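One structure is given here, and the rest of the page talks about it.
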There are 2 protein chains.
Amino acid sequence: MPETTGGRAVNDLESVLLAAADEFLERGYDAARIGHVATAAGLSKSSLYHHVEGKEQLLQLGLERALAGLDECFAAARDEAEPGAAVRRLIELVVEDMTDRARLPFVALLIGVRGNSDIERSALERRRRFDLEFAQMLERAQSVGAVRSDMTPLVLARLCFGTINALHAWVRPDRHGVDQIRADAVRFVLAGLGHDSRPEPTG
Amino acid sequence: MPETTGGRAVNDLESVLLAAADEFLERGYDAARIGHVATAAGLSKSSLYHHVEGKEQLLQLGLERALAGLDECFAAARDEAEPGAAVRRLIELVVEDMTDRARLPFVALLIGVRGNSDIERSALERRRRFDLEFAQMLERAQSVGAVRSDMTPLVLARLCFGTINALHAWVRPDRHGVDQIRADAVRFVLAGLGHDSRPEPTG
DNA sequence: GTCTATAAATGGATAGAC
DNA sequence: GTCTATCCATTTATAGAC
């Protein structure tokens with residue numbers, strides 16, 4: 001196993017992981033073919049196995065990267081003092097995460113997880129905890145009147161994340177106009193379809 | 001082929017299709033196992049092939065059913081005279097479709113399609129046309145001031161459908177409280193996170 | 001580390017008896 | 001129409017030469 005032989009191996013693993021994430025994004029994990037990943041990484045199928053243990057490891061590494069990105073979003077949002085500002089910042093950061101060329105394939109992989117293996121189930125469990133923490137943030141925001149109080153925080157959290165999670169299916173980060181779409185998505189989460197000119201949530 | 005032998009065969013196909021839709025919902029089409037479908041339908045794997053041509057036919061039939069349901073939603077929404085009312089009615093109907101015990105597995109199947117085969121690509125094409133028609137409805141609603149005009153109708157359409165499409169991943173129609181979740185989802189699409197008490201779109 | 005060749009396993013689909 | 005047994009294509013993963 002070449003993980004420790006000087007740093008080159010790490011980059012090889014990295015490039016294979018990037019190729020895998022793109023393949024997973026395009027076809028879905030189950031329909032993805034390890035041979036396609038190898039070709040995309042400029043390797044034969046068997047050479048690929050010198051850098052990676054197998055398909056499942058690529059899934060696991062990809063999911064970990066997605067979850068680490070979400071961790072960072074939450075960490076930054078926790079720094080906000082006002083509950084409404086924390087909610088708004090989290091939404092902005094997760095939208096950014098979901099529409100960033102480098103991070104989208106990993107987050108999309110996480111979104112598509114259904115619990116078909118232990119790896120997937122443990123990723124789902126971590127996702128569930130994000131939902132709960134976001135719900136707590138929303139509850140605090142509700143208590144100061146920053147967001148609507150006519151539904152439970154958990155339902156609100158799932159609806160918000162649902163809107164954001166759906167972005168990966170149609171947003172193409174390399175196309176022009178992504179910044180506009182990001183801003184639109186944030187405003188949609190905050191105010192929906194209805195006529196604008198309503199004040200955004202604040203502390 | 002037993003399709004015409006008296007009506008029984010049709011019901012056999014139907015029960016296999018229902019079992020398949022549930023299996024597709026739980027594991028995703030690619031990870032779904034035809035053997036599981038057979039067992040769930042109370043058949044051996046080979047008996048199943050007396051009622052169905054193969055896995056792909058189950059995909060095709062499932063996608064057609066989902067698309068037919070969406071067709072009905074649009075047909076009903078087109079009957080509304082006022083643009084804002086048409087938008088609102090479409091949202092209500094699609095949310096209902098997405099959270100109905102009998103229809104959710106089929107709609108979820110459609111949502112998960114990535115274009116990995118001709119069947120999937122043609123379903124995606126039909127979905128794309130729904131997006132466009134909804135965008136046209138939204139454009140009319142914008143022109144009478146019923147919905148926000150600070151983003152393009154197509155982006156707005158995709159954000160709306162995205163929010164609704166994401167419901168399938170966590171709403172369980174047989175659990176109590178689904179009616180409340182439906183109402184919440186509609187209100188969220190209309191007004192987002194922001195504080196409520198804003199008039200809903202009309203005329 | 002890379003390759004060709006091949007093993008091993010999975011899973012969709014079929015044969016043919018009852 | 002249903003079953004057991006089997007086929008066979010596909011695909012993950014490994015062996016072993018260079």
Side-chain angles (χ1 to χ4, degrees), chain A residues 1-24 26-63 109 114 116-120, chain B residues 1-63 109 112 114 116-120:
Chain A
M1 284 295 148
E3 283 88 350
T4 54
T5 53
R8 170 88 194 297
V10 172
N11 282 328
D12 286 352
L13 174 61
E14 177 68 16
S15 62
V16 171
L17 179 58
L18 294 179
D22 281 344
E23 166 83 357
F24 295 162
E26 194 183 322
R27 323 227 312 174
Y29 175 74
D30 292 295
R33 297 297 165 235
I34 212 70
H36 295 179
V37 176
T39 304
L43 294 169
S44 72
K45 202 168 52 164
S46 67
S47 293
L48 177 140
Y49 281 94
H50 284 260
H51 306 282
V52 175
E53 287 171 24
K55 194 183 180 186
E56 263 208 319
Q57 189 196 18
L58 291 169
L59 173 63
Q60 174 140 40
L61 291 174
L63 292 175
L109 181 63
R114 289 170 178 271
N116 290 340
S117 64
D118 283 345
I119 290 172
E120 292 195 1
Chain B
M1 284 294 147
E3 284 87 350
T4 55
T5 54
R8 171 85 194 298
V10 172
N11 282 328
D12 285 352
L13 174 60
E14 177 68 17
S15 61
V16 171
L17 179 58
L18 294 179
D22 281 344
E23 166 82 359
F24 294 162
L25 175 63
E26 193 181 323
R27 322 227 315 174
Y29 174 73
D30 292 296
R33 296 299 168 233
I34 213 69
H36 294 179
V37 176
T39 304
L43 294 168
S44 72
K45 198 168 61 163
S46 66
S47 295
L48 177 140
Y49 280 94
H50 284 262
H51 306 281
V52 175
E53 286 171 25
K55 194 183 181 186
E56 264 208 318
Q57 189 195 19
L58 291 169
L59 173 63
Q60 174 140 39
L61 292 173
L63 292 176
L109 181 63
R114 288 170 180 270
N116 290 340
S117 64
D118 284 344
I119 290 172
E120 292 194 1

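What you see is a predicted model, and the numbers here were worked out from it, not measured in a lab. Naming: A, B, ... by sequence-line order, numbering from 1 per chain. These numbers come from the heavy atoms of this one structure, side chains and all, not from hydrogens, waters or symmetry mates.
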Under 3.5 Å, side chain of [X] to main-chain N/O of [Y], donor-acceptor pair present?
X: A:Thr39; Y: A:Gly35; value: yes
X: B:Lys55; Y: B:Ala32; value: yes
X: A:Glu120; Y: A:Asn116; value: yes
X: A:Gln57; Y: A:Glu53; value: yes

Rounded to the nearest Å, what distance is computed from the [atom1] atom of residue [X] to the [atom2] atom of nucleotide [N]?
X: A:Leu59; N: D:dT12; atom1: CG; atom2: C1'; answer: 15 Å
X: B:His51; N: C:dA13; atom1: NE2; atom2: C1'; answer: 15 Å
X: B:Asp30; N: D:dT11; atom1: CG; atom2: P; answer: 11 Å
X: B:Leu58; N: C:dG12; atom1: CG; atom2: C1'; answer: 12 Å
X: B:Ile34; N: D:dA9; atom1: CD1; atom2: C1'; answer: 16 Å
X: A:Leu43; N: C:dT4; atom1: CG; atom2: P; answer: 12 Å
X: A:Leu13; N: C:dG1; atom1: CG; atom2: P; answer: 12 Å
X: A:Leu48; N: C:dT4; atom1: CG; atom2: P; answer: 14 Å

Q. Would you say the side chain of B:His51 lies within less than 4.5 Å of the side chain of B:Leu43, judging by non-hydrogen atoms?
A. yes
For [N], does OP1 or OP2 lie under 4.0 Å from any side-chain N or O of [X]?
X: B:His50; N: C:dT14; result: no
X: A:Tyr49; N: D:dA13; result: yes
X: B:Arg33; N: C:dT10; result: no
X: A:Ser47; N: C:dC3; result: yes

Q. For the helix from C:dG1-D:dC18 to C:dC18-D:dG1, how many degrees between its two end axes (five pairs per end), to the nearest 10°?
A. 10°
Q | B:Leu59 CG to B:Leu63 CG distance, which is reported to the nearest 0.5 Å | A | 4.5 Å
Q. Which distance, rounded to the nearest 0.5 Å, do you find between the CD of B:Glu56 and the CD1 of B:Ile34?
A. 11.0 Å
Q: Give one of base, sugar-phosphate or nothing for A:Ala32, where a contact means two heavy atoms less than 4.0 Å apart.
A: sugar-phosphate
Q. Taking N and O atoms by type only, does the side chain of B:Ser46 place a donor or acceptor under 3.5 Å from a partner on the base of D:dT4?
A. yes
Q: Decide yes or no, distance alone: a donor-acceptor N/O pair under 3.5 angstrom between the base of C:dG11 and the side-chain of B:Lys45.
A: no
